Amino acid sequence: DANIDTKECKEIETDFDYEELRLLFQYYEMINAFSVIGITSEIDDYLYLDGYPFFKRDEIVKLPFDYLLICSRTFYGSIKREANWAGIPDEKILSAFALQIPGFEIERYMRLKNQHMTILANSCWGGATYRKLQWEFRSPLINTYVPAESFLRLMNGLGESINRPLKFKRNSSELQDNIIYPIYTLGEGIEIHMPHAADLNQEEQKWEERVKRINFDNIFVAMFTENIMEAEEFEQLPYSNKVCFVPFQTDFPSCLTIKTHECRNPHMHINATWYSAYGNAEGLYKEYDVLDIIEGKIRHSSRTQTGE
């Protein structure tokens, strides 16, 4: 467990991911952000581990902790389910890898996490942001690309369009990572590209499952474009919490001007604006705080292409 301010959290440790995080715990304790009150694992041969008291799994529910940090990427889901079965609610559980977010503040992070936001993006930015924040996917658009025209049409009639059956239309005419990927439709005029699809049946099943997870009460919309007319249409979307990444200057409140970066891989032909937005979500570049973005604290940016 770790203590944030005056709060206490419990830390679950499993596999070798713990070693990657151990110094982070010490750092946050050093700056008095939180304190670790104990560690647990399926291996219960310890009394102490790295100076922290060690508890058996059945003992942790009796401890006065505020948050449970799970230190495993691979087994996060199964450990969380075990914690739920023991009576620990989701509202107290987080991935310890969230501590890697620059400027991490546990109370702010947990407040946003527990609002179960749905991020709908026309590119991989949404999935990258979910992964960066270590949040559960609540969007069917993970690992998809939706052309701006289709995306704007989808978002203008989301409630109706998203529940239409996903239908295979054709394969792409361009190679993506040496594969030809499938393109689906949602009714007329809405194309959903799936460049990462490995198994069509599995992708369709994931789509249906994730559509059911959409939180229509808390939607964040994200798009990138290099077309000012599309940016203007995005500005008119009926969502209060949204951002459109653009490479040009604009006065539209929901548009964020970002510096564009070219992909250095000569074998990949990638749109520079998409690559820059995605790179910021992945941590390759640092032009904004992702939590500020989704909280709506970042609006129109007047930064230039030189980053000034």
Side-chain angles (χ1 to χ4, degrees), residues 1-41 46-57 59-77 79-80 82-84 86-117 119 128-136 218 220 280-298:
D1 286 10
N3 183 49
I4 311 302
D5 297 328
T6 59
K7 298 189 175 186
E8 296 180 352
C9 301
K10 180 75 186 168
E11 170 189 322
I12 268 194
E13 177 268 316
T14 186
D15 67 43
F16 296 106
D17 287 334
Y18 166 75
E19 290 300 320
E20 182 180 336
L21 296 163
R22 185 165 53 87
L23 292 179
L24 268 178
F25 299 140
Q26 294 174 359
Y27 165 75
Y28 280 105
E29 287 193 297
M30 181 180 67
I31 65 173
N32 295 318
F34 63 77
S35 62
V36 177
I37 65 170
I39 297 177
T40 187
S41 170
Y46 307 99
L47 292 177
Y48 290 87
L49 184 62
D50 295 324
Y52 300 120
F54 191 91
F55 298 95
K56 295 182 178 180
R57 291 286 181 92
E59 296 175 328
I60 66 172
V61 294
K62 303 174 184 177
L63 299 173
F65 64 88
D66 293 289
Y67 300 113
L68 181 71
L69 281 68
I70 299 179
C71 307
S72 174
R73 288 189 177 96
T74 306
F75 301 107
Y76 177 85
I79 295 172
K80 185 170 79 72
E82 181 182 346
N84 291 154
I88 301 172
D90 284 348
E91 289 72 21
K92 298 181 70 170
I93 300 173
L94 69 152
S95 168
F97 289 93
L99 273 62
Q100 296 175 333
I101 299 171
F104 177 83
E105 299 174 4
I106 195 166
E107 291 185 337
R108 178 193 189 196
Y109 173 86
M110 292 301 289
R111 173 175 55 81
L112 292 170
K113 170 184 174 292
N114 291 332
Q115 290 174 359
H116 307 302
M117 175 178 284
I119 300 173
T129 299
Y130 271 120
R131 286 188 291 271
K132 181 72 174 179
L133 296 176
Q134 299 290 309
W135 289 356
E136 180 185 5
N218 188 14
F220 182 87
N280 274 282
E282 282 285 321
L284 298 175
Y285 314 112
K286 180 61 178 174
E287 296 188 64
Y288 58 77
D289 182 314
V290 67
L291 291 178
D292 284 346
I293 286 278
I294 64 175
E295 275 192 296
K297 293 182 177 179
I298 293 181

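Predicted model, so just to flag it, every value in this text is computed and none were measured.
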Can you tell me how far the [atom1] atom of [X] sits from the [atom2] atom of [Y], to the nearest 0.5 Å?
X	Y	atom1	atom2	result
Y67	E91	OH	CD	11.0 Å
D292	R108	CG	CZ	4.5 Å
Y76	I70	OH	CD1	5.0 Å
I119	L133	CD1	CG	6.5 Å
H116	E136	NE2	CD	8.5 Å

Side-chain heavy-atom pair [X], [Y] within 4.5 angstrom cut-off:
X	Y	result
V61	F55	no
I106	L94	yes
D90	N114	no
W135	I294	yes

**Prompt:** Which salt bridge (charged side-chain N to carboxylate O under 4.0 Å, His left out) pairs, counting each pair once, include a residue from residues 26-38, with sequence neighbours left out?
**Reply:** none
**Request:** Flag yes if more than 12 heavy atoms outside L47 fall under 6.0 Å of its CG atom; otherwise flag no.
**Result:** no
Taking [X] for its side chain and [Y] for its backbone only, find out whether a donor-acceptor pair lies under 3.5 Å.
X	Y	result
N84	I88	yes
K80	S95	no
Y109	L99	no

**Request:** Give the minimum heavy-atom separation between P64 and I37, together with the two atoms involved.
**Result:** O-CD1, 4.3 Å
**Request:** Would you name the heavy atoms of K92 and M110 that are closest together and state the gap between them?
**Result:** C-CE, 4.1 Å
**Request:** Would you mind checking if R111 and E295 are paired as a salt bridge, meaning a charged N to carboxylate O distance below 4.0 Å?
**Result:** yes
**Asked** For D50, which residues count as a side-chain hydrogen bond (donor to acceptor under 3.5 Å, both in side chains) partner, sequence neighbours excluded?
**Response** Y18
**Asked** Can you list the residues that meet the ring pair (Phe, Tyr, Trp, His ring centres under 6.0 Å) rule with F97, with sequence neighbours excluded?
**Response** none
**Prompt:** Between Q100 and L24, does a side-chain contact (heavy atoms from CB on, under 4.5 Å) hold up when you go through it step by step?
**Reply:** CA-CA 8 Å; Q100 296 175 333; L24 268 178; 3.5 Å; yes
**Asked** Knowing that exactly one of Y28, F65, Y52 qualifies, which makes a side-chain contact (heavy atoms from CB on, under 4.5 Å) with V36?
**Response** Y52
